[in-house]
Amino acid sequence: MMLETERLCVNYGRIVGISDVSIRVQTGTIVALVGANGAGKSTFMSAVAGLLAPKSGAIRFDGEDVGALSPERRARKGMSLVPEDRGILTDLTVGENLQLARSSGRSDPARPFDEALARFPILKEFWARPAGALSGGQQQMLAIGRALVARPKLLLLDEPSLGLAPVIVDELFAAITDLRDAGSTIVLVEQFARRAIQISNYAYVMKNHCVVAEGPPAKFADEQVLNKAYLGGEADE
Amino acid sequence: MSSLVQGLVDALSIGSTYALVALGVALIFGIMRLINFAYGEYFMVAAYAMLAFDQVSLALSFLFVIAAVVAFSLLTERVAFRPLRNADPSTLMITSFAVSYLVQKVAIVATLGEARTVQIPESWLTPLQFGGISIGKLEIIITVAALAMMGGLNLLLTRTALGIQMRAAAQDFRMARLLGVAADRVIMSAFAIAGFLAAIGGFLYVAKLGSFTPAIGLPILLAGIVSTVIGGLGSLKGAVIGGYLLGAIQVLLQIILPSDLVAFRDALVFILVIVLLLFKPTGLFGSYVQRV
Ligand SMILES: Nc1ncnc2c1ncn2[C@@H]1O[C@H](COP(=O)(O)OP(=O)(O)OP(=O)(O)O)[C@@H](O)[C@H]1O
Ligand SMILES: [Mg+2]
């Protein structure tokens with residue numbers, strides 16, 4: 001088990017973010033986490049990565065309770081969150097953004113950037129450019145490429161398809177599947193619920209701060225099941 | 001001609017001092033969103049540290065000042081600012097006022113507020129002669145030292161892993177941490193560097209003054225804050241340019257103002273700053289807007 005949360009509750013002051021979220025992520029799988037806007041997906045991801053302190057509940061990462069560790073300690077243990085806003089450091093160059101990911105101390109000392117550059121050749125071409133000069137799609141490639149430099153045990157992707165053109169989204173989903181097949185463990189939060197579930201090994205649906213449905217992709221193959229879980233919420237795609 | 005050259009050198013040396021202070025202020029602000037009003041006291045510590053080996057050894061004195069101010073800077077971070085790291089900028093700022101006040105009062109009690117003098121080598125004070133034009137040697141030393149430190153800082157920030165981490169943390173602390181950057185390490189580095197800048201800047205400033213009281217930090221702090229505001233809070237380049245601009249304006253006013261108006265020089269400087277901010281509220285190179 002790569003990640004396991006147990007009845008995780010997170011509040012923003014007195015506002016509820018998530019409530020009693022228990023999720024299990026097997027090593028080498030993609031777990032899809034879907035749900036309507038405001039369901040609590042990003043809150044969950046931030047809490048797992050250490051940006052938000054849980055009110056109660058436990059977070060076990062690779063067999064260890066990491067609930068009290070700082071975000072940087074979790075990164076050093078092998079967690080990489082690509083946040084919803086991508087977190088591109090626009091004042092730095094593309095190359096510096098990638099180099100920064102070596103801070104986790106997990107990158108390959110000899111060839112730290114090989115995998116990221118092979119997967120996203122555009123990053124090599126734009127190496128010396130300010131990252132702020134990249135387009136939205138290119139920034140997303142940088143965000144994911146940067147996470148890969150840290151060779152994470154667990155990759156947390158919060159809406160990687162946000163704002164991308166359909167062709168690019170196709171490439172992105174192919175790349176995510178690829179990463180899993182190469183052994184990575186991934187939690188994938190998506191608005192494109194159906195597609196995310198399709199490439200996943202297991203899926204959770206959140207609504208109103210809680211998990212309301214879970215199961216293997218086959219369970220959601222029937223249109224009705226997902227719609228019911230969203231309870232008339234936004235349709236996907 | 002001679003006074004023109006001397007005026008230029010004065011502007012450069014005063015501007016250099018301001019630029020160093022402004023850099024220290026901007027560095028800490030960039031990483032912690034703290035406007036450190038205690039920064040003037042780092043210069044005061046430098047001044048008193050110079051007394052320890054005064055007339056014993058200049059080199060020893062220099063090293064001791066660096067050690068003392070860097071240590072003091074790290075101490076303020078550890079004791080005063082770290083416990084408040086997640087507090088909002090105004091809380092941090094008020095804390096820095098408190099630190100400044102406390103340290104200054106301690107110095108006043110310890111010295112009864114009396115002035116102290118330091119001895120610096122005679123040779124630093126003999127002006128250099130360039131074909132009939134004489135230029136103060138200390139002014140040149142100050143300018144060269146400041147430029148060297150800015151160059152060094154620039155290299156550190158662009159060429160080293162720590163520097164890249166510091167720039168990343170200045171832009172987006174949360175993301176830097178998500179990538180494994182240790183928060184304590186970058187913050188302590190920023191304070192250590194700011195302390196180093198204050199040590200060198202303070203050493204040379206006091207050498208030029210010759211004597212000082214516990215109040216030595218205030219004008220220097222004001223100049224540093226005004227410089228960073230001119231250049232734009234959060235921009236290191238802006239801080240340096242703001243420092244030189246402030247130095248140049250002061251020297252220029254000193255020269256052109258009729259003698260009975262010179263007393264109002266600083267008032268005029270502040271009016272100019274206010275006018276600048278009316279047109280460009282973020283300063284020349286600033287982009288910082290209060291986060292909500
Ligand atoms: N900074 C915040 N302060 C207060 N409440 C917040 C904050 N961020 C999120 N919330 C609340 O927490 C709940 C969960 O929000 P969250 O951002 O996790 O949803 P999400 O599933 O990621 O939505 P989206 O699909 O729009 O990204 C929402 O009700 C939201 O209003
Ligand atoms: Mg979200």
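Labels below follow one simple rule: chain letters A, B, ... track the order of the sequence lines, proteins then strands, and each chain is numbered from 1. Please read all numbers here as calculations on a predicted model, not as lab measurements.
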> Among Q99(A), R106(A), R146(A), which residue has the highest count of heavy-atom pairs closer than 4.5 Å to chain B?
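Winner by heavy-atom pair count: R146(A).
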
> For residues 181-203 of chain B, give me every residue with a non-hydrogen atom less than 4.5 Å from any non-hydrogen atom of chain A.
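So the qualifying residues are V181(B), A182(B), A183(B).
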
> What is the distance from atom OG1 of T177(A) to atom CD1 of I199(A), rounded to the nearest 0.5 Å?
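CD1 of I199(A) is found 4.0 Å from OG1 of T177(A).
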
> For a quick test of reading the model, state the closest non-hydrogen atom pair linking L123(A) to V94(A) and the distance between them.
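L123(A) and V94(A) have their closest heavy atoms at O-CG1, 3.7 Å.
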
> Does this structure show an ion pair linking E64(A) with R60(A), if we count only N-O contacts that are shorter than 4.0 Å?
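Result for this pair is no, no salt bridge flagged.
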
> Top residue by heavy-atom pair count (under 4.5 Å) with chain B, among S80(A), P83(A), A150(A)?
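Among the listed options, the one with the most contacts to chain B is P83(A).
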
> In terms of heavy-atom proximity below 4.5 Å to chain B, should L51(A) be classed as side chain, backbone, both, or neither?
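For L51(A), the side chain is the part near chain B, not the backbone.
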
> Between R167(B), R174(B), Q165(B), R177(B), which shows the greatest number of heavy-atom pairs under 4.5 Å with chain A?
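Highest number of pairs under 4.5 Å: R177(B).
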
> Taking atom types as modelled and ignoring hydrogens, do the side chains of S161(A) and Q191(A) form a donor-acceptor contact shorter than 3.5 angstrom?
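Note: S161(A) and Q191(A) side chains miss the donor-acceptor criterion.
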
> Report yes if the distance between the aromatic ring centroids of Y244(B) and Y18(B) is under 6.0 Å, otherwise no.
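No, too far apart.
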
> Is the backbone N or O of F37(B) less than 3.5 Å from a side-chain atom of S96(B), with the two atoms forming a donor-acceptor pair by type?
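Yes; at least one donor-acceptor contact below 3.5 Å.
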
> State whether K77(A) and D62(A) are salt-bridged, where the test is any N-O pair (Lys NZ or Arg NE/NH1/NH2 against Asp/Glu carboxylate O) under 4.0 Å.
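A salt bridge is absent here (no side-chain N lies under 4.0 Å from a carboxylate O).
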
> Less than 4.5 Å to any heavy atom of chain B: does that hold for the side chain of A49(A), its backbone, both, or neither?
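Both parts, backbone and side chain.
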
> Would you say Y204(A)'s side chain and R24(A)'s backbone share a donor-acceptor pair under 3.5 angstrom?
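Yes, the answer is positive, given that a donor and an acceptor are paired below the 3.5 Å cut-off.
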
